[in-house]
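What follows is one structure encoded as structure tokens, with my remarks underneath.
It should be emphasised that the depicted structure is a prediction, and the values quoted were computed from it without experimental measurement. Numbered from 1 within each chain, the chains take letters A, B, ... in sequence-line order.
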Amino acid sequence: MARNITPREKDYSQWYLDVIKAAEMADYAPVRGCMVIRPTGYAIWESIQSQLDERFKETGHVNAYFPLLIPSSFLEKEAKHVEGFSPECAVVTYAGGEELEEPLVIRPTSETVIGHMYSKWIQSWRDLPILINQWCNVLRWEKRPRLFLRTSEFLWQEGHTAHATKEEALEETLRMLEVYRSFMEEVLALPVLTGEKSEGERFPGAENTYTCEAMMTDKRALQAGTSHFLGQNFAKAFDIRFQNKDGELEYAWTTSWGVSTRLIGAIIMTHADNDGLVLPPNVAPVKTVILPITPDQNLLQEKILPEAQKISESLKKILGANRVVLDTQFHMRPGDRFFYHLQKGVPLRLELGEAEMKSSHLRAVRRDTGEVVNISFDAVEREVPRLLENIQNTLYRKARSFREENTYHVTSFEEFNEVLNKKGGFIKAYFAGSPEDEKAIKEATTATIRCFLLNEPTEGTCFYTKKRGGKLAVFAKAY
RNA sequence: CGGGGCGUAGCGCAGUUUGGUUAGCGCGCUAGUUUUGGGAACUAGAGGUCGCGAGUUCGAAUCUCGCCGCCCCGACCA
């Protein structure tokens, strides 16, 4: 057991912070609520970024960049948007040695400035759709920050699209939700429920917000990504109009969607254990590490190191040049070298010492289960990818089983309270209440509607109001 | 913004109640030696204007006043 990590059962928040510290993922910045993302953490973000970016491009999107500063008047153009975001905005009022004529908001999100630009770029139905994404930072002045989960400044991507018809925009909203779902499940091994947010949890200014909700190992819910159907709200606020084929002027239909560095928090709280980080191979910046081990310098230089280099080269061809590391930290003792990679979550460790040289086998140790597998030198190229795939699948299945074991169906408020107090986790229930009912439930229990599940055509009696026609919702305590 | 706690070495803390001369401990760090297959041991070192400012006093980490910052709980949080 790792001596520098508080056990998860003892103090979950402290465990989370200890894992981040032990893996050297992030550190607190001098400014409250801000974090420094260290190389180990940033490499994970780069891995997320490159793989998501590919999926965005496969679905027809292109990247662009819009500015950090937004005229404060822009935010005010959409009533609900300004109401939702103004409390957490930081505003620049002074620059170049003088008071600014108009204060500039540091973007909390970019719908407004992008809407402004789209109104200039769109005149004809031929200009649509516009499918733009940007990778950037945003700032939201959070009262209670937590590393990766909720920091004042964070990195994310925000997609912003404009369409000629409502149907097309809705289709885009759900397409991107599906891109998120498949990415999270296939790459991050993060099982998620997809659904629609209730009115109270909707993005300020959206007609509809769709979400991917994941269960963390403390049974709380984490919103891992959202996709918004903005209707014509922003088009009307920013005058995004086009002439249709019949020569009539129409407002465009827009969407926006985003995921952030919060995903790294989700990976930690889904897969990490009491020894530290555990990374699914598909997102791991380093998929495998080769550790030559021996106190015998001659043996090391003449036999072990050349063999390790040979194996490293052949694995690099299969897994990617940067995905395989040959550990040559010989100033460290073996135990320290094991823990170094263990705590950074490297999925597979390949040990090569005197015993392995004699038997022409590598000693492979899985990060997820600790299981040891011997791999013959000539089977490395076949067995290592197979093991990595197995680790990926095992992590996903384990997380999904955990969620399923901690999901309950209730039909009454009494039952709801009982499950919440005694068991925790996700609660599925038919709900037909008002936003006021939702608020009352939150006040009484601190649990919120995470979403109304997609692809659940059945209706039932509301567990709270006993009205008919309730939709199937998932409730949970959330981050 | 309300309630509570805390600022002393890179980190974690003791010392403050009852003022006293070289401000300590653990981890970490540096050097050397012996070690090395799941987080080493010994030896020798480096590292502090005790959060900031003013006051009381022969003398302040310690007492008084003011300020600043951080953490926890709550409210808030697409």
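Under the 3.5 Å distance criterion, the side-chain polar atoms of A/Q157 are matched with a main-chain donor or acceptor of A/V259. With hydrogens and angles disregarded, no donor-acceptor distance shorter than 3.5 Å links the side chain of A/R367 to the backbone of A/G345. Remark: side-chain polar atoms of A/R175 are not paired, donor with acceptor, to backbone N or O of A/L170 under 3.5 angstrom.
A/E351 comes within 4.0 angstrom of a nucleotide base, judged by non-hydrogen atoms across all strands. Across all strands shown, A/F229 has no heavy atoms under 4.0 Å from either base or sugar-phosphate atoms. Within 4.0 Å (heavy atoms only), A/W156 reaches at least one base atom of the nucleic acid. Residue A/G84 is out of contact with every strand shown, counting any heavy-atom pair closer than 4.0 Å. Using a 4.0 Å heavy-atom criterion, one finds that A/Q343 contacts the bases of the nucleic acid, with or without backbone contacts as well. At a threshold of 4.0 angstrom between heavy atoms, the contacts of A/F85 include nucleobase atoms, whether or not backbone atoms are also involved.
Qualifying ring-ring contact (aromatic ring centres under 6.0 Å, His included) partners for A/H160, counting only residues two or more places apart in sequence or in other chains: none. Not counting sequence neighbours, the partners of A/Y118 by the ring-ring contact (aromatic ring centres under 6.0 Å, His included) test are A/W121.
Note that A/R220 lies in the cation-pi zone of A/Y479, set by a 6.0 Å cut-off to the ring centre and a 45° limit from the axis. Relative to the ring axis of A/F148, A/R262 does not place its NZ or CZ within 45° and under 6.0 Å from the centre.
A/F475 pairs with exactly one of A/F426, A/F431, A/Y464 by the ring-ring contact (aromatic ring centres under 6.0 Å, His included) rule, that one being A/F431. With respect to A/D18, the side chain to side chain donor-acceptor pair (under 3.5 Å) criterion is satisfied by exactly one of A/N274, A/N4, A/T6: A/T6.
For the residue pair A/N137 / A/W156, no side-chain donor-acceptor distance below 3.5 Å is found, with atom types taken as modelled. Inspection of the A/E196 and A/T209 side chains reveals no N or O donor paired with an N or O acceptor under 3.5 Å. Using modelled atom types and a 3.5 Å distance limit, the side chains of A/S198 and A/E438 yield a donor-acceptor pair.
Comparing the P positions of B/rG47 and B/rU30 gives an interatomic distance of 15 Å, to the nearest angstrom. Taking atom C1' on both B/rC25 and B/rU35, the two are 27 Å apart, rounded to the nearest angstrom. Going from the P atom of B/rC68 to that of B/rG53 covers 15 Å, rounded to whole Å. For B/rC72 and B/rA31, the P atoms lie 36 Å apart once the distance is rounded to whole Å. Rounded to a whole angstrom, the distance from the C1' atom of B/rG55 to that of B/rU62 is 15 Å. Comparing B/rU8 with B/rG51, their P atoms are spaced 6 Å from each other, to the whole Å. On the C1' atoms, B/rC63 is 8 Å away from B/rU56, given to the nearest whole Å. As rounded to the nearest Å, B/rA23 and B/rA9 have P atoms that lie 14 Å from one another.
Taking atom CZ on A/R146 and atom P on B/rC76, their separation rounds to 18 Å, with Å as the unit. Rounded to an integer number of Å, the gap from CD of A/E88 to P of B/rC76 is 13 Å.
Heavy-atom nearest nucleotides on RNA chain B were determined for A/P334 and for A/L17, and the one closer to the 5' end corresponds to A/P334. With RNA chain B read from its 5' end, the first of the two nearest nucleotides for A/T209 and A/P295 is the one closest to A/P295.
Within the structure, salt bridge (Lys or Arg N to Asp or Glu O under 4.0 Å) contacts touching residues 287-308 of chain A (residues at least two apart or in different chains) do not occur.
You'll find a donor-acceptor pair under 3.5 Å spanning the side chain of A/R349 and the base of B/rG38, going by distance alone.
For B/rG38, the base is not stacked against the aromatic ring of A/F338, per a cut-off of 5.5 Å between centres and 30° between planes.
When distances run from any side-chain atom of A/L342 to the nucleotides B/rU36, B/rG38, B/rG39, the shortest one goes to B/rG38. Side chain of A/R3, nearest nucleotide from B/rC11, B/rG37, B/rG39: B/rG39. Here B/rC77 is the nucleotide among B/rC77, B/rG37, B/rC11 with the atom lying nearest to any side-chain atom of A/R150.
With pairs defined as Watson-Crick or G-U wobble and both atom distances under 3.5 Å, the stems of at least three pairs that touch RNA chain B come out as B:1-7 with B:68-74, B:10-13 with B:24-27, B:29-34 with B:40-45, B:51-55 with B:63-67.
Residues of residues 355-366 of chain A having a heavy atom closer than 4.0 Å to RNA chain B, listed by number: A/A355, A/E356, A/R363, A/V365.
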Protein-nucleic acid N or O pairs under 3.5 Å, nucleotides 30-35 of chain B:
from, atom 1, to, atom 2, distance (Å)
B/rU35, O2, A/R333, NE, 3.4

